[in-house]
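Just so you know, these numbers use all the heavy atoms, side chains as well, and skip hydrogens, waters and symmetry mates.
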Amino acid sequence: MALLIRLVIIALIIYAFYRGVRYLLDPKRKLDEAHQKGQFYFYDDVKNVRKNFFITYRGALFEGEKYLGTTDQAFEVVSILISTPDIARLQGFTRDDFIYLTKEITINYPHADITWQGPIEDLMKKA
C-alpha cells in the first residue's frame with residue numbers, strides 16, 4: 001500500500017511539472033504577456049492557413065486573416081487582411097509603426113498582399 005501511494009505521489013509530481021512547462025511555453029500566454037507589457041509579439045501557426053494570426057505592438061492587438069491562393073510555383077498565402085478590435089489603442093501610432101508591422105508580416109508571408117482595415121487603411125494610403 002505504501003508503494004502505491006509513493007507511485008501516485010511521483011506521478012502527480014511528474015504531471016504537475018509537465019503542466020508547468022506547457023504553461024510556460026504556451027505561445028498564447030506569451031502573446032497576452034507581451035500585450036500587457038506593450039511589447040511586440042507575433043503569434044501565428046504558419047502551417048495552418050485557416051488560423052488567424054495575432055500581433056501585439058505598443059499595447060495594441062492586431063488580428064490578421066490569411067487567404068490562400070496561387071503564386072507562380074505553389075499555393076501560398078497571397079492576401080492578408082489586418083484589423084484591430086480596439087481602435088482607441090491606436091492613439092499615438094504613426095505610419096512608420098504600420099510600415100514596421102507590415103515588414104514583420106512580410107518576413108513570414110513574402111507573397112502576401114497586406115491590407116489594413118478601418119482608419120489604418122486611410123493612414124497608409126496617404127503619402
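Comment: D86 engages R89 in a salt bridge, judged by a side-chain N to carboxylate O separation of less than 4.0 angstrom. Remark: D44 engages K66 in a salt bridge, criterion side-chain N to carboxylate O under 4.0 Å.
Side-chain contact between L68 and V78 is absent, with no heavy atoms from C-beta onward closer than 4.5 Å. The side-chain heavy atoms of I87 and L90, taken from C-beta on, include a pair separated by under 4.5 Å. By the 4.5 Å heavy-atom criterion applied to side chains, H111 and V77 are not counted as neighbours. A 4.5 Å side-chain heavy-atom check between Y67 and I80 finds every atom pair outside the cut-off. At least one side-chain heavy atom of R22 sits less than 4.5 Å from a side-chain heavy atom of Y18. Two residues are said to be in side-chain contact when any heavy atoms from C-beta on lie closer than 4.5 Å; I105 and N108 fail this criterion. Residues D26 and K30 have side chains not in contact (no heavy-atom distance under 4.5 Å, counting atoms from C-beta outward).
Between F54 and F62, the ring centre distance reaches or exceeds 6.0 Å.
Linking Ile, Leu, Val, Met, Phe, Trp and Tyr whenever their side-chain heavy atoms come within less than 4.5 Å puts F98 and I82 in one cluster. Under the 4.5 Å side-chain heavy-atom criterion for Ile, Leu, Val, Met, Phe, Trp and Tyr, I13 and L24 are members of distinct hydrophobic clusters. Linking ILVMFWY side-chain heavy atoms closer than 4.5 Å, directly or via other members, places F17 and L25 in a single hydrophobic cluster. I114 and V49 fall within the same hydrophobic cluster, defined by Ile, Leu, Val, Met, Phe, Trp and Tyr side-chain heavy atoms under 4.5 Å apart, directly or through other members. One hydrophobic cluster, built from ILVMFWY side chains closer than 4.5 Å, holds both Y109 and F75.
Interatomic distance, R95 CZ to I120 CD1, rounded to the nearest 0.5 Å: 13.0 Å. To the nearest 0.5 Å, atom CD of residue E121 and atom CG of residue L81 are 9.0 Å apart. Interatomic distance, L4 CG to M1 CE, rounded to the nearest 0.5 Å: 6.0 Å. In this structure, L101 CG and D96 CG are separated by 11.0 Å, a value rounded to the nearest 0.5 Å. Taken to the nearest 0.5 Å, the CD atom of E63 stands 9.0 Å off from the CZ atom of F53. For the atom pair T56 OG1 and D32 CG, the distance stands at 9.0 Å (nearest 0.5 Å).
What you find for F93 and D97 is that their closest heavy atoms are CA-OD2, 3.4 Å. Considering all non-hydrogen atoms of both residues, L61 and T84 come closest at O-OG1, 2.7 Å.
S83 and W116 form no side-chain donor-acceptor contact under 3.5 Å, judged by distance and modelled atom types alone. At a cut-off of 3.5 Å, with distance as the only test, no side-chain donor of E65 or N52 sits close to an acceptor on the other residue.
Annotation: cation-pi geometry not satisfied between R58 and F40 (NZ/CZ under 6.0 angstrom from ring centroid, within 45° of ring axis).
In the displayed structure, K28 atom NZ is contacted under 6.0 Å by more than 12 heavy atoms of other residues, nucleotides or ligands.
The aromatic rings of Y41 and Y43 lie parallel to each other, with less than 30° between the two planes, well short of the 60° mark.
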